[in-house]
Amino acid sequence: MDFDFSSLFAFLLFGVTIGVVYGIVALGISLIYSGLDIVHFAHGEIYMFGAFFGLVFSHTMGFPYPVALLLAMVCAAVLGMGIERVFYRRLTKGGGGYTVAGMGMIICGFGMSIVLMNIAFLIWGAAAEPFPVDLGMPFQLGDITLPKSYALTAVVAVLLMAALHYFLKKTKLGLAVRAVAANKDIAYLMGINVPMMISLIFGLACGIAAAAGVLIGPMQSVQVEMGYLMLLKAFAAAVVGGFGSLPGAIAGGIVVGIAENLGAAYISPNHKDIYAFLLLILVLMIKPSGLFGIVARVKA
Amino acid sequence: MLKVSGLSTGYGKLQILRGIDLNVAEGGIVTLLGGNGTGKSTFLKALSGLLPVWEGSIEFDGQKIQNLPPHEIVRCGLTQVTQGKDAYPAMTVEENLKLGAYVRKDKIAIAEDLERVYSFFPRLLERRTQLAATLSGGEVQMLVIGRGLMARPKLLMLDEPSAALAPKIIMDIFATINRIRKSGVSILMVEQNVRMALLLAEYGYIIRDGVILIKGDAKDLINDPNVKKSFLGGTVANSTHEIKA
Ligand SMILES: Nc1ncnc2c1ncn2[C@@H]1O[C@H](COP(=O)(O)OP(=O)(O)OP(=O)(O)O)[C@@H](O)[C@H]1O
Ligand SMILES: [Mg+2]
């Protein structure tokens, strides 16, 4: 029996595409983690809101898909910054200054996740909404048919990563964000408005999550409960790549995406969502600092 | 230039400083001396706004700055170089220095100041693209002092710049601090190297258990037996300089 290389290639391709989406959500989670030392458990819901924002802008209001994508990112960024300002900041202030508030922060994140899910439920109901986007004919790569939405997803995700990288490494504001992530007291002494930077970090992370939502929407559908699975997979991606590391988040996302697609193809398609967590557990057993071992240089 | 009156502060409910009065005149070096855990760093943290001021007032350059947020205090021209040699290890030497100039917009003057810092510390120039993590202890101390200068402060506060350094490096650092003063920056220097600090400074304060025990002209303090005693923990009897200034 001949091994079908072209379908293997297709699975890999789809795996990478979905993987970069996990990667950019993980990027946001890592960004918030490196900025605030907290795992933002409501991040999946921000992603879900992003998807609904995209749906509203493109279908209800009739904006073109790319415009809807941008608007959804902006709205989610504002939403995230609002949540940080109104809720999280009170907790971080508890310790006097911007220090970790530990458990309280985690519980607040979980609570926020439930609140956001119920708000979405009140607005949009529980049914899965289709998010059809007509991007034209799929690409034909040899035997493989690649829907345009996949190609677009990969391109946008890569652009977002590149933009974020440029921002963090090459701009003065990006330097300040890295400074805040590495040491808040020293950042203050540099004259950096630390609370404002943290707000910015939240905005960026939430905007990116919304982009993921709008990109995934057309491939699946949009529904209130889509957030938690994304959170868990992005979390797996972040851990696999080395928690808090930005390049690790992307690499981890791709690894998770590939594992999931290969697992579904060659082991069993009925348990597609399990593979990410099997991988997570394996990585934690064998190399808890993450596959890419960049964890030592997490900060800044 | 800096006038601190009756400053009290602490951590949570734990009071550390009990009514500190301290002045720094323009263009000079004032040193604050004291043993471990006497509250020197706590004092600087309160001045920088990293700790809330419980009581008292801080006037800098004619403006009340107590309880302003730290980033605004830096904008007033008051910069602190902390004790921990806290460079950003994952950033390059030059990125660290550029962060020091974060509050400034004058690109040309920033470039000039960068040159000035490199002229103070030529070793930093050789290592400008290296990560700060790869520097030696002495080089990191140079880096954080240079980074403090990049803000172009009116008053630079240095927290134990000579701590944990070799004698040769300590001499270099103190010589540079003197050059910095001559370039027109006032300095408030926290030290435990009593003799060196008093040789450099015009005026000194000795702190113990959160209160100022002795103060006076540096040249008088240097020969005052009570200064030594205050470090060893003995009782300090009627110091000749205590109330004078
Ligand atoms: N974050 C903190 N929380 C609680 N107590 C603190 C904290 N930082 C310092 N202290 C306490 O405050 C007191 C004064 O500390 P401070 O750091 O000001 O001393 P110092 O004079 O700078 O000493 P050293 O010369 O060792 O640096 C010490 O008893 C210390 O234990
Ligand atoms: Mg100290």
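Quantities reported herein were computed from a predicted structural model and do not represent experimental measurements. A, B, ... follow the sequence lines: proteins, then strands. Residue 1 opens every chain.
- Residues of residues 70-82 of chain B having a heavy atom under 4.5 Å from any heavy atom of chain A, listed by number: B/Pro70, B/His71, B/Val74, B/Arg75, B/Gln80, B/Thr82.
- By the neighbour-count criterion of 12 heavy atoms within 6.0 Å, atom CD of B/Glu26 is sparsely surrounded, having that number or fewer from other residues, nucleotides or ligands.
- Evaluation of the side-chain hydrogen bond (donor to acceptor under 3.5 Å, both in side chains) rule for A/Asn183 yields no partner, not counting sequence neighbours.
- The shortest distance between side-chain heavy atoms of B/Val103 and A/Ile192 does not fall below 4.5 Å.
- For B/Leu125, the side-chain contact (heavy atoms from CB on, under 4.5 Å) partners two or more places apart in sequence, or in a different chain, are B/Tyr118, B/Arg128.
- A 6.0 Å sphere centred on OH of A/Tyr166 holds no more than 12 heavy atoms belonging to other residues, nucleotides or ligands.
- Atom CE of B/Met91 is separated from atom NZ of A/Lys169 by 8.5 Å, given to the nearest 0.5 angstrom.
- Minimum interatomic distance between B/Tyr88 and A/Ala179 (heavy atoms only, all atoms of both residues): OH-O, 3.1 Å.
- Nearest heavy atom pair, residue B/Arg147 against residue A/Ile186, reads NH2-CG2, 3.4 Å.
- Annotation: side chain of A/Leu173 is in contact with side chain of B/Tyr102 (closest heavy-atom distance under 4.5 Å).
- For a residue to count as touching a neighbouring chain, one of its non-hydrogen atoms must lie under 4.5 Å from one of that chain's; by this rule B/Ala133 does not touch chain A.
- Between the CG atom of B/Leu50 and the CG atom of A/Leu189 there is a distance of 4.5 Å, given to the nearest 0.5 Å.
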Acceptor/donor pairs from residues 54-65 of chain B side chains to any protein atom, 3.5 angstrom cut, sequence neighbours excluded:
{"from": "B/Glu59", "atom 1": "OE1", "to": "B/Lys64", "atom 2": "NZ", "distance (Å)": "3.3"}
{"from": "B/Asp61", "atom 1": "OD2", "to": "B/Lys154", "atom 2": "NZ", "distance (Å)": "2.7"}

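- Taking CG of A/Leu175 as the reference point, atom NZ of B/Lys98 lies at 9.0 Å (rounded to 0.5 Å).
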